[in-house]
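Here is the structure we will look at, set down as structure tokens.
If you're wondering where the values come from, they're calculated on a predicted model, not measured in any experiment. Chain letters run A, B, ... following the sequence lines, proteins first and then strands; every chain starts at 1. Side-chain atoms are counted along with the backbone in the values below, which use heavy atoms only and exclude waters and symmetry mates.
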There are 2 protein chains.
Amino acid sequence: MERQRRIPEATVARLPVYLRTLLDVQTDGVTTISSERLAELAGVNAAKVRKDLSYLGSFGTRGVGYDVDHLLVQMSRELGLTRDWPVAIVGVGNLGAALANYGGFGDRGFPVAALIDADPTKVGTTLGGHTIRHLDDLPAVVNELGIAIGIIATPAAGAQEVADRLVAAGVTSILNFAPAVVTVPEQATLRKVDLALELQVLSFYGQRDSIGSSLREELGVSAESTNSGA
Amino acid sequence: MERQRRIPEATVARLPVYLRTLLDVQTDGVTTISSERLAELAGVNAAKVRKDLSYLGSFGTRGVGYDVDHLLVQMSRELGLTRDWPVAIVGVGNLGAALANYGGFGDRGFPVAALIDADPTKVGTTLGGHTIRHLDDLPAVVNELGIAIGIIATPAAGAQEVADRLVAAGVTSILNFAPAVVTVPEQATLRKVDLALELQVLSFYGQRDSIGSSLREELGVSAESTNSGA
DNA sequence: CCGACCTTGTTCTCTTGTTCACAAAGTGCC
DNA sequence: GGCACTTTGTGAACAAGAGAACAAGGTCGG
């Protein structure tokens, strides 16, 4: 009987939410948690929680719930959080600098290990304890520091080239902040954070609501409406 | 024959990508574009592009393609980008300050109109041309400045309260950067940007790849692997 | 004016994801 | 030890989304 190790993408994206929730309740001294409670705290459906957790092969106890510590161990292991993943930030402009200074990464297993930029006037300067290296040095930097994840924080125009260079240097996990469509070969994993997109989506639903409410004002009808996201 | 005005959520999230792509090609002087080409530039499937665009009721011309200008007008209208959406950033820490200074919002119809914080030592100070106001002033600020969108950039602990206050003040579009689960009433729209989550998802797939490649090394097999996101 | 060619719009099928509902399994009181 | 109660794990129904395929509609050269 072979282990069914194919975790759906949607589930993978929820595991970090469960993880964070579990860390919270663990801090509060909770040792056991039901799918119902976890669902409530994580903002999802209880059945979904159970199904998601079942992919981990992690067993809860019927009539009781899940052991928080055990679940955390399983989940951390599955997510690969038992080791550090050194991150390189490419593009030290406004956003890149903010990310470099953020600091919220290191304690969570994603230490910022390198800052990269293509601007010669920036190269050599220091930020948050790191000397900015030139984009051309990327392969060396990746090698020296064991970079596992690349964060693209360049303007849109440079994003694809940076992605290509990252992949060429052996970095197969990339997080793109640039407002541009970037593609990577199948071996690599790319995720994106797109501020403008998020705002425009909000605009879309906001407009709906506005139309709705002005209509409602006119008609004197009570509200009812859209929800999405989180 | 009633207009079929229900645009799927997945489509809504792609419209901004098409929009950006179309603006790019428009700059290059392109006046007509086929679904095939648009799909290539936007990194999606051509059939998906056609289906998405058909929701706009926007007609292309068979044998020719879509008129870029016309498509842009339709799309901007549908996304509600014909007006400005003043944004309030709540939480002027590292991230909040970076967002305030970013500036990439204003020119795209999302002017940062207010900065809010709960820390009395920050209130009254100026950043990027805005005086930081106290969280308690939120209702007044929203009213005065016509705030349409709230960005939560506080620590996790304060996020839910800020969301509640935003909604209470009449802001129904919220973008949450705090690493916390936040819920809003149905009338409101919430979207989230979760750095830690993205990195952990990359970690998950990265680990797979690593396992895969060490396995491949051992076995001398050629590569094949996971891709997700963008 | 016709025919070859192109590209859209849409239907159909398949896959992925969500939710319900319930049997199986364990706890703890009496 | 047995029984009432709780909660998991999962099968099955349902919903949403992706992609292939193709007919309908339009262009353009001759």
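- Looking at residues two or more places apart in sequence or on another chain, you find no salt bridge (Lys or Arg N to Asp or Glu O under 4.0 Å) involving A:Arg50.
- Counting to the nearest Å, the P atom of D:dT10 and the OH atom of A:Tyr55 are 10 Å from each other.
- Formation of a donor-acceptor pair under 3.5 Å by the A:Gln160 side chain with backbone atoms of A:Thr183 is found in this model.
- Across the protein-nucleic acid pair, A:Gln74 atom CD and D:dT8 atom P stand 16 Å apart, rounded to whole Å.
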Protein-nucleotides 3-7 of chain D N/O pairs closer than 3.5 Å?
residue: D:dT7; atom: O4'; partner: A:Gly63; partner atom: N; Å: 3.1
residue: D:dT7; atom: O2; partner: A:Gly63; partner atom: N; Å: 3.4

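- What you find for A:Ala13 and B:Val201 is that their closest heavy atoms are CA-CG2, 4.0 Å.
- Protein atom CD of A:Glu36 is 11 Å distant from nucleotide atom P of C:dC20, rounded to whole Å.
- Judged as a salt bridge (Lys or Arg N to Asp or Glu O under 4.0 Å), and not counting sequence neighbours, the contacts of B:Asp194 are A:Arg20.
- As judged by a 4.0 angstrom heavy-atom cut-off over every strand, A:Arg37 is placed among residues making no nucleic acid contact.
- As rounded to whole Å, 15 Å separates atom P of D:dA16 from atom CZ of B:Arg14.
- The salt bridge (Lys or Arg N to Asp or Glu O under 4.0 Å) search around A:Glu36 returns none, not counting sequence neighbours.
- Counting to the nearest Å, the P atom of D:dT8 and the CG atom of A:Leu53 are 9 Å from each other.
- In this entry the distance linking CG of A:Leu56 with C1' of D:dT8 reads 14 Å, nearest Å.
- Heavy-atom distances to DNA chain C give each of A:Ala47 and A:Ala10 a nearest nucleotide, and the one nearer the 5′ end belongs to A:Ala10.
- For A:Ala178, the side-chain contact (heavy atoms from CB on, under 4.5 Å) test picks out A:Ile152, A:Thr154, A:Ala159, A:Asn176, with sequence neighbours left out.
- The closest donor-acceptor contact from the side chain of B:Ser76 to the backbone of B:Leu72 lies under 3.5 Å.
- Looking at heavy atoms from C-beta onward, B:Gln26 lies in side-chain contact with B:Asp69 at the 4.5 angstrom threshold.
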Using nucleotides 11-13 of chain C, report all nitrogen or oxygen pairs with the protein that are shorter than 3.5 Å.
none

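- Taking atom CZ on B:Arg6 and atom P on D:dA15, their separation rounds to 13 Å, with Å as the unit.
- Between A:Asn45 and the phosphate of C:dG17, there is no side-chain N or O to OP1/OP2 separation shorter than 4.0 Å.
- Atom CD1 of A:Ile7 and atom P of C:dT16 are 15 Å apart (whole Å).
- Looking at heavy atoms from C-beta onward, B:Leu99 lies in side-chain contact with B:Phe177 at the 4.5 angstrom threshold.
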